[in-house]
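A short worksheet on the structure shown next.
Because only heavy atoms are used, hydrogens play no part in the values below, and waters and symmetry mates are left out as well, while side chains stay in. First the proteins, then the strands, lettered A, B, ... as listed; each starts at 1.
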Number of protein chains: 2
Amino acid sequence: MTAKTTVPRSTTAQQPPAPGKATINDIARLAGVSKKTVSRVINDSPLVKPDTRAKVHALMREYGYAPDPQARGLAFRKSFLVGLVFDNPTAQYIVNMQYGVLDALRDTGYELVVHPCDSKREGYIDGIRRFVLQQKLHGVILIPRVSEDQALAEALREIDCRYVRIASVPFDEAGRMLVTQDRIAGAEAADYLESLGHRRIGLITGPKRYRSSIERGGGFLDALAKRGVQVPPENVYEGGYTFESGVAGAEQLLSRPDRPTAIFACNDEMAAGVYKAAQRMGISIPVELSVVGYDDSPLASQLWPAMTTVRLPVRDVGRQAASLLLAQDASQVAVMASVTPHLVARDSCLPPQAG
Amino acid sequence: MTAKTTVPRSTTAQQPPAPGKATINDIARLAGVSKKTVSRVINDSPLVKPDTRAKVHALMREYGYAPDPQARGLAFRKSFLVGLVFDNPTAQYIVNMQYGVLDALRDTGYELVVHPCDSKREGYIDGIRRFVLQQKLHGVILIPRVSEDQALAEALREIDCRYVRIASVPFDEAGRMLVTQDRIAGAEAADYLESLGHRRIGLITGPKRYRSSIERGGGFLDALAKRGVQVPPENVYEGGYTFESGVAGAEQLLSRPDRPTAIFACNDEMAAGVYKAAQRMGISIPVELSVVGYDDSPLASQLWPAMTTVRLPVRDVGRQAASLLLAQDASQVAVMASVTPHLVARDSCLPPQAG
DNA sequence: CTGAAAGCGCTTACAG
DNA sequence: CTGAAAGCGCTTACAG
């Protein structure tokens with residue numbers, strides 16, 4: 001028996017809704033229209049008289065009303081969640097991608113759900129399918145390497161799930177693809193080293209099963225060939241995109257009598273391995289050896305000398321991918337979206353020493 | 001007029017539900033029980049006869065039924081989403097944390113929604129409040145530095161939002177806190193360097209507004225003092241947790257005539273800066289200078305020589321934080337959960353040179 | 001341009 | 001231990 005007055009749960013004398021707690025019914029009642037009309041305003045239907053729309057909008061703002069995504073989702077039979085599916089890229093890549101996607105999702109009512117997976121595991125596609133189906137995802141964004149898996153894309157199409165694939169080759173139709181021009185970037189690295197005067201050049205690629213590796217390395221070799229520089233097979237080492245494989249590759253390339261005066265590693269981790277091997281062998285970077293990496297990871301600028309590398313604006317990529325995904329209902333995209341990475345010249349390259 | 005037969009939408013002759021498309025009604029009908037009973041099975045109510053439960057479970061498995069989180073959420077007035085709120089830690093930290101949280105969420109029906117924010121921006125708490133309220137989040141996990149903000153925690157309590165704070169000091173009650181013992185780890189670094197024989201020791205801290213910085217640096221200095229080693233103020237440099245501030249700090253510490261024989265930097269980025277400064281100044285690590293970092297970032301093992309650093313098992317932390325969050329309804333946690341980081345000795349420390 | 005009815009797939013509150 | 005009714009906050013399908 002306290003003095004506290006309790007408000008009856010269901011009263012017909014309508015109270016103003018608590019801030020952030022208003023429902024479509026509150027707004028409808030306050031506006032003197034049906035909830036269907038409010039629904040029309042929410043969904044930007046043209047079938048609303050401007051006056052009515054304005055009044056409803058004002059009320060929505062006043063009460064801080066935002067439609068409940070769960071209720072909306074239930075009625076729409078889809079959620080307002082976008083999934084980010086990735087296998088195992090670098091932390092920096094994942095995080096930048098997330099920031100970019102969130103940039104595009106901000107104030108759209110969509111949220112980002114993260115879903116790492118292991119594409120080497122049997123049945124990983126089933127896991128993704130369950131995730132999509134159960135959460136009734138609006139769509140998913142696929143990052144390399146899962147983006148390169150045609151079976152996964154097919155499975156998603158089968159269950160009618162929107163998706164955008166980020167990959168270095170147009171594996172899919174426009175509107176569902178965001179191409180990163182790794183081949184062009186590889187060529188840029190080649191042009192840079194050749195124009196510095198390097199002729200004996202080494203290449204440390206990633207694993208062949210990564211399309212990015214093929215594009216980066218292939219673009220590099222092709223561009224060199226175009227400039228008349230041949231890279232003999234013994235100057236090409238297939239690494240595993242890991243630091244250790246970079247060390248191993250560099251040790252092999254640099255222990256040959258006619259050792260290269262420049263090395264292009266297809267990611268920064270391996271390039272860092274080149275640094276380590278060079279230091280161990282007493283080979284000075286950049287005087288005796290030029291090094292170019294790929295990714296512009298934080299590492300690149302924190303090594304000494306700061307590393308020349310290739311930068312993909314990952315956050316932009318994420319932003320564009322999310323925009324593509326949200327636009328899929330509205331428009332039939334005709335042109336293939338693409339982003340080209342560029343060389344960031346720092347201190348790890350110099351013309352080769354005379355002699 | 002094609003030959004294609006269309007199935008009437010609402011037929012009374014019930015069809016078996018498509019895989020992954022069954023609803024509670026399908027399961028109820030097939031089991032010959034009410035949907036309320038199926039609901040009880042879903043929610044592990046004890047008020048179900050074992051036989052009934054078994055039959056329902058069998059059917060759920062057979063049809064790959066999983067309750068719709070949106071419908072459940074709408075009825076429960078809360079979603080099955082957990083938010084991860086962070087300001088600006090390193091990419092590796094964020095990603096490991098996400099992996100850990102997802103480990104704990106796997107097969108629970110909960111999903112992870114990421115929410116970066118800028119704690120320096122006016123009204124950032126409002127943004128988080130809106131996020132929580134609109135998505136009706138099950139709860140949020142707060143990472144340093146947002147986890148250190150009492151106003152944010154208060155705002156969350158006000159709107160009745162579950163949360164777990166990860167921080168280096170018990171800012172909150174048990175069950176809502178996961179303490180990382182940065183102070184103890186700082187002491188471990190001190191003990192290690194002192195036991196190697198170092199007496200002139202430098203310290204590069206993070207910004208004072210980070211509690212982690214205070215704990216790491218404070219723990220380090222206290223432990224040294226306990227062993228009789230005083231660190232004069234001119235051997236302490238306040239950095240900004242950035243590479244550049246590490247370079248600047250090391251340049252200052254190392255240009256003094258009685259320069260330190262060892263430096264502890266409160267994160268790896270700054271420690272990498274120490275490497276760079278040392279190389280520039282021609283001071284050899286570890287022979288002339290020992291370096292200890294903090295974080296065990298990928299960088300640490302990819303520098304040369306490989307860096308001795310302090311490792312917090314971030315993935316475990318994420319896992320534990322998520323478990324705490326999910327357990328908040330069930331149990332009143334009595335003991336404060338905590339995790340202690342440990343020193344990872346590599347190649348960047350040696351006893352000081354004679355003389 | 002607007003609205004009343006039914007429904008999305010679950011749960012709560014109540015009754016038995 | 002089980003179920004029929006009403007409701008969560010939205011939308012679709014239909015009618016006007």
Side-chain angles (χ1 to χ4, degrees), chain A residues 8-11 17-18 20-56 59-60 63-81 109 133-136 138 329, chain B residues 8-10 17-18 20-56 59-60 63-80 109 133-136 138 329:
Chain A
R9 276 299 245 141
S10 43
T11 168
K21 296 283 187 181
T23 72
I24 197 173
N25 290 306
D26 296 318
I27 302 297
R29 180 169 41 77
L30 291 159
V33 300
S34 78
K35 63 193 208 185
K36 177 62 210 170
T37 296
V38 178
S39 171
R40 286 200 177 88
V41 173
I42 291 170
N43 293 290
D44 277 323
S45 158
L47 304 175
V48 183
K49 203 157 53 174
D51 290 6
T52 314
R53 179 188 309 282
K55 188 202 274 181
V56 170
L59 253 4
M60 297 202 301
Y63 288 93
Y65 170 73
D68 181 331
Q70 307 213 48
R72 228 146 94 86
L74 185 59
F76 268 139
R77 289 157 190 78
K78 79 160 195 75
S79 75
F80 291 86
L81 300 174
L133 247 25
Q134 166 143 28
Q135 299 298 324
K136 301 210 251 29
H138 175 85
D329 305 297
Chain B
R9 274 301 244 143
S10 43
K21 296 282 188 183
T23 72
I24 197 173
N25 290 306
D26 295 317
I27 302 298
R29 179 170 41 75
L30 290 161
V33 300
S34 77
K35 65 192 205 184
K36 177 60 211 172
T37 296
V38 177
S39 171
R40 287 200 177 90
V41 173
I42 292 169
N43 293 290
D44 278 324
S45 157
L47 304 175
V48 183
K49 203 158 54 174
D51 289 7
T52 314
R53 178 187 310 281
K55 189 202 275 181
V56 170
L59 252 5
M60 298 203 301
Y63 288 92
Y65 169 73
D68 181 332
Q70 307 213 50
R72 229 147 93 86
L74 186 58
F76 269 139
R77 291 156 189 78
K78 76 160 197 75
S79 75
F80 292 86
L133 245 25
Q134 166 143 28
Q135 299 299 324
K136 301 210 246 48
H138 174 86
D329 305 298

With respect to the phosphate group of [N], does any side-chain polar atom (N or O) of [X] fall under 4.0 Å of OP1 or OP2?
{"X": "B:Asn25", "N": "C:dG9", "value": "no"}
{"X": "B:Thr23", "N": "C:dG9", "value": "no"}
{"X": "B:Ser39", "N": "C:dT11", "value": "yes"}
{"X": "B:Thr37", "N": "D:dG3", "value": "yes"}
{"X": "A:Thr52", "N": "C:dC1", "value": "no"}

Length of the [atom1]-[atom2] vector between [X] and [N], whole Å:
{"X": "A:Gln135", "N": "C:dG9", "atom1": "CD", "atom2": "P", "value": "15 Å"}
{"X": "A:Lys36", "N": "C:dT2", "atom1": "NZ", "atom2": "P", "value": "12 Å"}
{"X": "B:Arg77", "N": "D:dG7", "atom1": "CZ", "atom2": "P", "value": "11 Å"}
{"X": "B:Arg53", "N": "D:dC1", "atom1": "CZ", "atom2": "P", "value": "9 Å"}
{"X": "B:Arg72", "N": "C:dT11", "atom1": "CZ", "atom2": "C1'", "value": "9 Å"}
{"X": "A:Lys78", "N": "D:dT12", "atom1": "NZ", "atom2": "C1'", "value": "15 Å"}
{"X": "A:Phe80", "N": "D:dC10", "atom1": "CZ", "atom2": "P", "value": "11 Å"}

Indicate, with a heavy-atom threshold strictly under 4.0 Å, whether [X] touches base, sugar-phosphate, or nothing.
{"X": "B:Lys49", "value": "sugar-phosphate"}
{"X": "A:Pro69", "value": "nothing"}
{"X": "A:Tyr65", "value": "sugar-phosphate"}

What's the closest nucleotide to the [X] side chain, out of [options]?
{"X": "A:Ala75", "options": "D:dC10, C:dC10, D:dT2", "result": "D:dC10"}
{"X": "A:Asn43", "options": "D:dT2, D:dT11, C:dT11", "result": "D:dT11"}
{"X": "A:Arg40", "options": "D:dG3, D:dG9, C:dG3", "result": "C:dG3"}
{"X": "A:Val33", "options": "C:dG3, C:dC10, D:dT11", "result": "C:dG3"}
{"X": "B:Leu74", "options": "C:dG9, C:dT11, C:dC8", "result": "C:dG9"}

message: Ignoring hydrogens, what is the shortest heavy-atom contact between B:Leu74 and A:Gln70? Give both atom names and the distance.
response: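 B:Leu74 and A:Gln70 have their closest heavy atoms at N-OE1, 3.7 Å.
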
message: For B:Phe80 versus B:Gly73, what's the shortest heavy-atom pair and its separation?
response: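 Heavy atoms of B:Phe80 and B:Gly73 come nearest at CE1-N, 4.0 Å.
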
task: Please assess B:Leu30 against B:Tyr65 for the test side chain to side chain contact (heavy atoms under 4.5 Å, CB included), listing each intermediate value before the final yes or no.
output: CA-CA 12 Å; B:Leu30 290 161; B:Tyr65 169 73; over 6 Å; no

message: Under 3.5 Å for both donor-acceptor distances, Watson-Crick or wobble: does D:dT2 have a partner, and if so which one?
response: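 Paired with C:dA15.
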
field: side-chain contact (heavy atoms from CB on, under 4.5 Å), paired with B:Val56, selected from B:Ile27, B:Asp51, B:Ile42
entry: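 For B:Val56, the side-chain contact (heavy atoms from CB on, under 4.5 Å) test succeeds with only one of B:Ile27, B:Asp51, B:Ile42, which is B:Ile27.
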
- prompt: With a 4.0 Å cut-off, would you call B:Asp26 and B:Lys21 a salt bridge?
  reply: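 The answer is no: the pair does not qualify as a salt bridge.
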
